[in-house]
Amino acid sequence: MTALYDNHNRPITYLRLAVTDRCNLRCFYCMPEEGIRYIPKKELISFEEIERLVTLLASLGISKVRLTGGEPFVRTDLMKLIRTIVNIDGINDVHLTTNGVLTAPHVAELKQLGIASVNLSLDTLNKERFHQITRRDEFEPVMNTLNLLLKHEIPVKINAVVMDGKNIDDIIPLIELAKDHPVDIRFIEEMPFNGEGNHYPTLLWTHHKIKQYIQEHYPLLYKIQDGDFSTSYNYRIPNYAGSIGIIAAFSRTFCGTCNRIRVTAQGELKTCLYDDGVLNLKELMRSGKDDDALLESLLKAFKSRPKDGFEAESKRKNHSSVSESMSTIGG
Ligand code: SAM
């Protein structure tokens, strides 16, 4: 296996794989409440196609996989897929991003399978606000998942999107979770991927403002070293068990070290979150292309990656603006 580099000399080691576009929540910043057109099931990338693809990508140098969606646990037999992926040669780390609604019954097996970490999306610790944001009454199952993940000592990151006028009062209570628990609380800039196309003319809660807000409440907040390909600016508070991360997802400050690619639930390759698909892998596989042909197409795509999310956005087909739901992309 040779290391895989893109045309900007960035190593590519990390695949984010959306296993479904369906979700059991309706977070307003991600999806409209109604009228969502889900992909027909036969158009979803199949487990066999995923296995083939991940095996090929592992042979190129991808060693980390994150399963996401939509809500991964909405896909029938997700655990079967996870059992397969953890056993693929070259895949060293398998991670999950989940909303936690259906996750609890599987936590013990996730531990047993050696899942490297779970990102749990949780924008508030207030039950009513949870309902307002997600349009579903599922706060308890999510908290149950969080408690089980902690009990099984699976590393947990909590992802909270920071939404002006909605959950600013939740920032401090979420951070307080890190006082006694070894969780990373990560605050994400809200992006326009909401399935509707509307966004703020100017994003108010930028990573700078989030940091400033946290610092005002925790003057002793201090910066820690970010990991090599980290998308978050990371901080600690003295004597807190967990850490704080801030993700400039809309400001896009981390593209220079981006090591990730995405495959959507329809089997489309994205070499940047902000592109609109650069290669239909599912079609290539279904049209009978052999492994060599697939590898050649993949390598070509990796050698034409945009340098950052702004370039990717400007190159979208028909110059369409970013408006699709995160659930179709794989958050
Ligand atoms: N269903 C899973 C979950 O909730 O974690 C995985 C998919 S979800 C699309 C992945 C992440 O994307 C979640 O943490 C969610 O908060 C985030 N997300 C969705 N829409 C977003 C937006 N418009 N801006 C920022 N983050 C967003």
Side-chain angles (χ1 to χ4, degrees), residues 16-33 36 38-39 65-75 78 82 95-104 106 110 115 117-124 129-130 132-136 138-139 141-143 145-146 149 156-164 166-167 170-171 174 183-200 203-207 210 231-232 245-252 254 260 262-265 270 273-274 309 313 321-331:
R16 295 172 74 99
L17 178 70
V19 295
T20 179
D21 62 331
R22 290 166 199 249
C23 193
N24 44 1
L25 298 182
R26 286 288 175 281
C27 303
F28 78 89
Y29 55 80
C30 184
M31 296 169 114
E33 186 161 18
I36 302 157
Y38 284 132
I39 308 166
V65 175
R66 173 176 304 281
L67 300 177
T68 177
E71 170 50 35
F73 283 95
V74 165
R75 177 105 187 219
L78 176 77
I82 297 180
H95 304 249
L96 261 177
T97 299
T98 176
N99 61 30
V101 173
L102 300 172
T103 316
H106 305 289
L110 291 174
I115 290 298
S117 77
V118 171
N119 286 7
L120 183 70
S121 301
L122 184 60
D123 303 313
T124 176
R129 208 168 294 136
F130 182 94
Q132 284 161 18
I133 293 170
T134 66
R135 302 167 172 138
R136 295 290 184 271
E138 299 283 8
F139 181 68
V142 176
M143 292 309 287
T145 293
L146 174 59
L149 289 167
V156 187
K157 291 178 180 168
I158 290 184
N159 284 345
V161 179
V162 178
M163 295 161 274
D164 188 33
K166 290 283 193 307
N167 68 341
D170 291 291
I171 294 177
L174 282 165
V183 285
D184 294 338
I185 315 288
R186 303 172 350 139
F187 297 101
I188 309 175
E189 286 179 349
E190 188 178 345
M191 296 183 283
F193 296 102
N194 53 27
E196 301 197 10
N198 52 333
H199 197 53
Y200 308 95
L203 184 71
L204 183 60
W205 285 89
T206 61
H207 63 107
I210 299 169
T231 52
S232 51
I246 302 175
I247 304 184
F250 186 63
S251 305
R252 286 162 261 187
F254 44 72
R260 56 188 61 196
R262 290 179 151 81
V263 172
T264 69
K270 286 166 72 75
L273 173 61
Y274 282 82
E313 193 174 358
S321 60
V322 169
S323 64
E324 61 270 37
S325 164
M326 264 313 249
S327 64
T328 59
I329 300 171

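Counting starts at 1 for both ligands and their atoms, following the listed order.
With hydrogens and angles left out, the side-chain atoms of T134 and R26 include no donor and acceptor closer than 3.5 Å. No hydrogens or angles considered: a donor-acceptor pair under 3.5 Å links the side chains of S251 and E189.
Each of the atoms 25 (C) of ligand 1 lies under 4.0 Å from some heavy atom of E189. Here is the list of ligand 1 atoms found below 4.0 Å of a heavy atom in C30: 19 (C), 20 (N). For ligand 1, the atoms closer than 4.0 angstrom to any heavy atom of F193 are 20 (N), 23 (N). Which parts of ligand 1 touch T68 is read off a 4.0 Å heavy-atom cut-off, strictly below it: atoms 6 (C), 7 (C).
With hydrogens and angles ignored, the 3.5 Å screen pairs a side-chain donor or acceptor of D21 with a backbone N or O of I39. Using a distance-only test at 3.5 Å, with no hydrogens or angles considered, a donor-acceptor pair links the side chain of T145 to the main chain of P141. One N or O on the side chain of S325 and one on the backbone of C30 form a donor-acceptor pair closer than 3.5 Å.
For ligand 1, none of its N or O atoms has an N or O atom of E190 under 3.5 Å away. For the pair E71 and ligand 1, the shortest N or O to N or O distance falls below 3.5 Å. Polar contact check, D123 against ligand 1: no nitrogen or oxygen pair lies under 3.5 Å apart. For ligand 1, the polar-atom distance check finds no N/O of V161 at less than 3.5 Å from any of the ligand's N/O atoms. Inclusion of G70 in the set of residues having an N or O under 3.5 Å from an N or O of ligand 1 is warranted.
Contacts of N159 with ligand 1, taken as heavy-atom pairs under 4.0 Å, involve the side chain alone. If you look at T98 next to ligand 1, the close heavy atoms, those under 4.0 Å, all belong to the backbone. Residue N99 touches ligand 1 through backbone and side chain together, judged by heavy-atom distances below 4.0 Å.
Residue contacts with ligand 1 leave out N194, since none of its heavy atoms falls under 4.0 Å from the ligand.
A salt bridge links E313 with R252: the distance from a Lys NZ or Arg NE/NH1/NH2 to an Asp or Glu carboxylate oxygen falls below 4.0 Å.
Using a 4.5 Å heavy-atom threshold, the side chains of I171 and F187 count as touching.
K166 forms no cation-pi arrangement with Y29, by the criterion of a distance under 6.0 Å to the ring centre and an angle within 45° of the ring axis.
Taking the centre of each ring, F193 and Y274 come in below the 6.0 Å mark.
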